[in-house]
Colleague: 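Below are the structure tokens for one structure; questions will follow.
The figures that follow rest on heavy atoms only: side chains count, while hydrogens, waters and symmetry mates do not.
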Amino acid sequence: MTRRQIMLVIVGLMFAMFLSSLSQTVVGTAMRTIADDLQGLDQQAWVVTAFLITSTVVTPIYGKLSDIFGRRPLFIFAIILFLIGSIASSFSQSMIMLAAFRALQGLGAGGLMSLPLAIMADVLSPRERAKYQGYFLAIFGVSSVLGPLIGGLFAGIDSFAGIEGWRWVFLFNLPIGILALWMVSKFLHLPKHSGSARIDWWGATTIVLAVVPLLLVAEQGTTWGWTSPAALVCYAVGLVSAVAFVLIQRAMGPDALIPLALFRSPTFSMATVIGVFVGIAMFSGMMMIPFVLQIVHHMDPTQAGFMMIPMVAGMMFASIGSGQVISRTGRYRIFPIAGTATMAIALGILALLQYDSPIWLLMIGQLLFGLGLGQLMQTLTIASQNSVEPRDMGVATSSATFFRQLGGTAGTAAVFSLLYGRLPTTLPAAFDDPSHKSEMAAALGDPNVIADPTNSRILEVLQNPADIGHALNSDSSFLTGADPRLAAPFLDGFAQATAAAFWLALVVSIIAFVLSLFFKTPPLRETSALQQALDDDKGYGRETSHRTGPLPTAPVVVETLQPADDDAGGDGDDGGVGDAGVGDERTDPAK
């Protein structure tokens, strides 16, 4: 591939990754409109859960199959499947139908999340790859801002081109996806992989049975109850399936879905563990910050999206900057250490925020949070890729993504569980605060406040003090426009509950920081995975530390030679037969 072809492929990969990351955020702001139109507000969680589960469980499957059959056909298949799911979602007539089509969309999104990084590893050396992976992470950050904006925009219009506005949340994927499909089909041409065709079907089955119940209870635990019969069944099925998965992977050896041999590398193992903790902290922060902006600071989803620009800017600056440094120096050990430390400082600031803290302090916390994440994500991926053999590049990349997503899912479930578990304590405590009591008494003595319909819901809650702790469980919209003196205890109690979630993320980030101090980072390879694999297969010129098999026997070119009298054994430079061997210009088929 020429440099121009590589750049065009990278652009196509960026479009595809933009689609996958945007699809996780664009539906959130439009969900209320969608649920009202399809008359299924109480079923909206299934729409989110269906996409999350399918996109997560197929990630390692895509990686392994791409190692066997090649990246290009799997990536094209993932784009097509994603687009089919998008079109189908736009035709949904019920929330259950939408959840099913979102699951189909997630089956494609799983490939769009992991395969672009594996393809980059094929065509670019680790040092050169670092420059471009920063842009990929910037795409992830931009989508976290554009998603709520686009979703809110389409949900806010009744119809466009004769189609209901919210259905364009899914249809707008088509032009971007078609462009990515065309660019990848035209410019991405890689040699066929020669890996084993033995497919780990039992591994794929057991990983689905292990992950799906655990993700399901993570998403529905607050509704079902964490010790409910349904939750206990999910725990049991997930645990048994996880043990079975490990045993199957051990039996399958190098043909396993996630070969256990990968974890023999200290670098890969440590990068995976740190990635899990980073995923927990990352998703914890990214889920809580929009809540604080919308509830505590009275912002709508669009405004909250704009206010998250500092985090995105920090992520872009750090990811691109660290990529440039890695590309020029080949050194990257400092970035996991600095990234986890910066993220811990940011979470400490966010955990100390009060409901009446100035907004600029929240912006500083966001900026530092983005700077920390930007130094971590691509560094951990590059370290994982650099520690495995070329034939395992796909499964290593997808495994790193898979475990990070699992950590993110666990973090999301943990912080929301902690949030709603703390509210019954923090809300009554805020109402008992003397300063809030005096302000509320003054407000309740004002006839205009009592007559204002925007305060009616708060007045209802105040008449039933036992309901205060659960007042924000299902709806917080009644705080918008309410008298500030009446809303203040709710905001204070909610801010205290979110602080507990930030403290949890802080503890996790500190653990990641400690682990990063022991993170061994071997030098980055100077060649791409594809070139390394070709060199290993040919065995030319030099021994490599990533050889996948014995050297092939090189054909010997027989020449008519006249040995010198004093060098008949071939020790000198006259071309004696004893001098011929692998890597010699006279016997190298390439020469």
Side-chain angles (χ1 to χ4, degrees), residues 1-18 21 113-114 116-145 267 270-271 274-275 278 282 309-343 345-346 366-387 393 396-397 400-401 404 512-513 516 519-532:
M1 296 174 65
T2 65
R3 173 61 52 180
R4 176 177 175 274
Q5 288 175 320
I6 290 177
M7 293 305 301
L8 290 171
V9 166
I10 289 175
V11 173
L13 298 179
M14 292 177 71
F15 276 125
M17 183 166 278
F18 178 72
S21 57
M113 293 176 186
S114 59
L117 298 179
I119 293 173
M120 286 185 63
D122 281 338
V123 300
L124 296 172
S125 67
R127 288 182 63 164
E128 192 175 11
R129 194 186 315 150
K131 293 188 297 185
Y132 300 103
Q133 284 192 357
Y135 294 102
F136 278 77
L137 293 175
I139 288 291
F140 175 79
V142 169
S143 67
S144 65
V145 173
T267 300
M270 185 63 79
I274 295 175
V278 168
M282 176 180 71
I309 288 178
M311 183 182 71
V312 176
M315 189 183 301
M316 293 177 63
F317 177 81
S319 59
I320 295 174
S322 61
Q324 293 292 332
V325 173
I326 294 173
S327 176
R328 294 175 182 176
T329 65
R331 299 177 180 178
Y332 59 99
R333 185 176 184 273
I334 186 61
F335 294 113
I337 298 173
T340 51
T342 305
M343 189 167 61
I345 294 172
Q366 282 195 67
L367 176 63
L368 292 175
F369 191 69
L371 288 172
L373 286 178
Q375 297 178 73
L376 288 167
M377 305 307 293
Q378 69 165 332
T379 308
L380 295 175
T381 300
I382 290 175
S384 298
Q385 293 172 336
N386 190 63
S387 64
M393 191 61 65
T397 305
T401 305
R404 188 167 59 243
F513 169 73
S516 68
F519 189 28
K520 297 180 180 180
T521 54
L524 295 177
R525 286 194 292 255
E526 298 289 342
T527 58
S528 67
L530 183 58
Q531 184 62 53
Q532 183 71 48

Colleague: Would you check if L380 and F519 make a side-chain contact, meaning some heavy-atom pair closer than 4.5 Å?
Modeller: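 Yes - at least one pair of side-chain heavy atoms lies under 4.5 Å apart.
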Colleague: Which atoms form the tightest heavy-atom contact between M17 and M113, and what is the distance?
Modeller: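 Nearest heavy atoms, M17 then M113: CE-O, 3.5 Å.
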Colleague: Considering residues at least two apart in sequence or located in another chain, which fulfil the side-chain contact (heavy atoms from CB on, under 4.5 Å) criterion with S322?
Modeller: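 Result, side-chain contact (heavy atoms from CB on, under 4.5 Å) vs S322: F335, Q378.
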Colleague: Nearest 0.5 angstrom please: T340 OG1 to L373 CG, how far?
Modeller: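 T340 atom OG1 to L373 atom CG measures 11.0 Å (nearest 0.5 Å).
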Colleague: Not counting sequence neighbours, which residues clear side-chain contact (heavy atoms from CB on, under 4.5 Å) with T381? List them please.
Modeller: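 T381 satisfies side-chain contact (heavy atoms from CB on, under 4.5 Å) with L117, Q133, Q385, R404 once adjacent residues are dropped.
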Colleague: For A400, give me all partners under side-chain contact (heavy atoms from CB on, under 4.5 Å), at least two apart in sequence or on another chain.
Modeller: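 Listed in chain order: S384.
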Colleague: For the CE atom of M270 and the OG atom of S516, what is their distance to the nearest 0.5 Å?
Modeller: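 Taking CE in M270 and OG in S516, the distance rounds to 9.0 Å.
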Colleague: Atom CD1 of I334 and atom OG1 of T379: how far apart are they, to the nearest 0.5 Å?
Modeller: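 The CD1 atom of I334 sits 10.5 Å away from the OG1 atom of T379.
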Colleague: Quick one: pull up CD1 in I337 and CG in L376 and give me the separation to the nearest 0.5 Å.
Modeller: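 Result: 11.0 Å between the selected atoms.
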Colleague: So, using side-chain contact (heavy atoms from CB on, under 4.5 Å) as the criterion, who are the partners of S21 when residues are at least two apart?
Modeller: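 By the side-chain contact (heavy atoms from CB on, under 4.5 Å) rule, S21 matches I139, F140, S143.
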Colleague: Between T267 and K520 (side chain of the first, backbone of the second, donor and acceptor by atom type, cut-off under 3.5 Å), is there such a pair?
Modeller: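 Checked: pair present.
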Colleague: Provide the closest heavy-atom pair for L371 versus A318 in the form atom of the first, atom of the second, distance.
Modeller: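 For L371 and A318, the tightest heavy-atom pair comes out as O-CB, 3.3 Å.
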Colleague: Could you state the interatomic distance from CD1 (I326) to CD (Q375), rounded to the nearest 0.5 Å?
Modeller: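 I326 CD1 to Q375 CD: 9.5 Å, rounded to 0.5 Å.
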Colleague: So do the side chains of V11 and M7 get within less than 4.5 Å of each other, counting heavy atoms only?
Modeller: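 Answer no - side chains too far apart.
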